[in-house]
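As a basis for the values below, the full set of heavy atoms in this structure was taken, side chains included, without hydrogen atoms, waters or symmetry mates. Counting convention: from 1, in listed order, for ligands and their atoms alike. For clarity, every value in this text was computed on a predicted model and none was experimentally measured.
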Amino acid sequence: RKRVLSGIKPSGELNIGGYGGALHQFVNMQNEGYDCYFFVPDLHAITVPQDPKLLFQRSKSVAAYYIAAGIDPKKATIFIQSHVAAHAELGWLLETQAHFGELGRMTQFKEKSGGKESFSSALFTYPVLMAADILVHQATHVPVGDDQKQHLELTRDLAVRFNHRFGTTFKVPDPIIQPIGSRIMGLDDPAKKMSKSNPNRNSYVLLEDRPDEIRKKISRAVTDSEGTVRYDWEAKPEVSNLIEIYAVFSGESVAAIERRYEGIGYGPFKQDIADAVIAKLAPMQSRFNDIVESEELLSILRDGARKAAESAASTLLKAKQAMGLLSLN
Ligand code: TYM
């Protein structure tokens, strides 16, 4: 069976970019019958400084958002990365195979380290742990946003390199990057990825935003002076970004959206986008509030950790044996 694995870091409040590129795809793939593993990569979050109390809370929040968005713990395995030691353990084994040079070429690393020397060494090896997350579960499909493409290429390279050196051990996974929604840009500037780290609060919509905030932010989104709702990233990046957001939240095609707003200006278009976003987020928020502090969530995570540990054990052992590490069984 095809196996899906992916995760969202608990490093800040989730925004609709992560929903478009990741979460909404997670739900679709689960419903298409894939064998799904969705986890909270807390070990990746701590590669940059985190407030321990916030991290603790956010790990629960991400897991609760998975469920609130429609991931069914009876169908998918939901777990916290640090609860399954095999991830970090395989991460170390793979670090022995990853090259210093190739890690230095990762654009996310270059952005996050920002030319300084005081970043953590884990920020540098971050993509190797990500490869371990994927390979330890023999995932075949990894749904991600466009910004993770390079990390997925490295994952594939490491799998192929390891298999070549030590014998076939890992499946070589395919990234799943949707044409629409995998690159949601800031509402203030379509050249920058929508991100919680933007100091301008109006540049992003959070999954936790209230309806009036969502309306306000979308009504303030930058557009152009042409006044036609047309999908064209070259000529109309602002409007194209809004069309993608609308397509993700309404489930409609880009062509259907273009047709509906022919001869109509941006005002009604923006109101309808806000309505579509609110229609998805409001029920999600109420489910989130019901589960985030529940005993049920902890029990789902306990179950998930057990299942994920079982899934990872045989691959980890195989990798160790392939490398010649002494094993006693
Ligand atoms: P993270 O936590 O930064 O983002 C989670 C997912 O959301 C996508 N995403 C976006 N998609 C579209 N538009 C945006 N503006 C936007 N912002 C974020 C990301 O591409 C990602 O898919 N390294 C990963 C976490 C990770 C992981 C893994 C993912 C760790 N191990 C194994 C898959 C498999 C990350 O930092 O994602």
S.K.: Would you call the rings of His151 and Tyr126 parallel, tilted or perpendicular if under 30° counts as parallel and over 60° as perpendicular?
M.R.: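 Aromatic pair His151/Tyr126 classed tilted.
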
S.K.: If the criterion is any heavy atom closer than 4.0 Å to an atom of ligand 1, which residues make the list?
M.R.: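 Ligand 1 pocket, heavy atoms under 4.0 Å: Leu5, Ser6, Gly7, Ile8, Lys9, Gly17, Gly18, Gly21, Ala22, Phe39, Pro41, His44, Tyr126, Met130, Asp133, Ile134, Val142, Val144, Gly145, Asp147, Gln148, Gly181, Ser182, Arg183, Ile184, Lys193, Met194.
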
S.K.: If you link ILVMFWY side chains whenever their heavy atoms are less than 4.5 Å apart, which other residues fall into the same cluster as Val160? By chain and number, please.
M.R.: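 Other cluster members: Val172.
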
S.K.: Does the Ser182 side chain pair with the main chain of Gly21, one donor and one acceptor, at a distance under 3.5 Å?
M.R.: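 Looks like no, no N/O pair under 3.5 Å.
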
S.K.: Can you say whether the rings of Phe38 and Phe26 are parallel (under 30°), tilted (30 to 60°) or perpendicular (over 60°)?
M.R.: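 Parallel, since the angle between the ring planes stays under 30°.
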
S.K.: Test your reading of the model: is there a side-chain donor-acceptor pair from Arg58 to the backbone of Asp42, 3.5 Å cut-off?
M.R.: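 Pair absent, no side-chain N/O of Arg58 close to backbone of Asp42.
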
S.K.: Angle between ring planes, Tyr231 versus Trp233, binned at 30° and 60°: parallel, tilted or perpendicular?
M.R.: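 If you compare the ring of Tyr231 with that of Trp233, the planes turn out perpendicular.
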
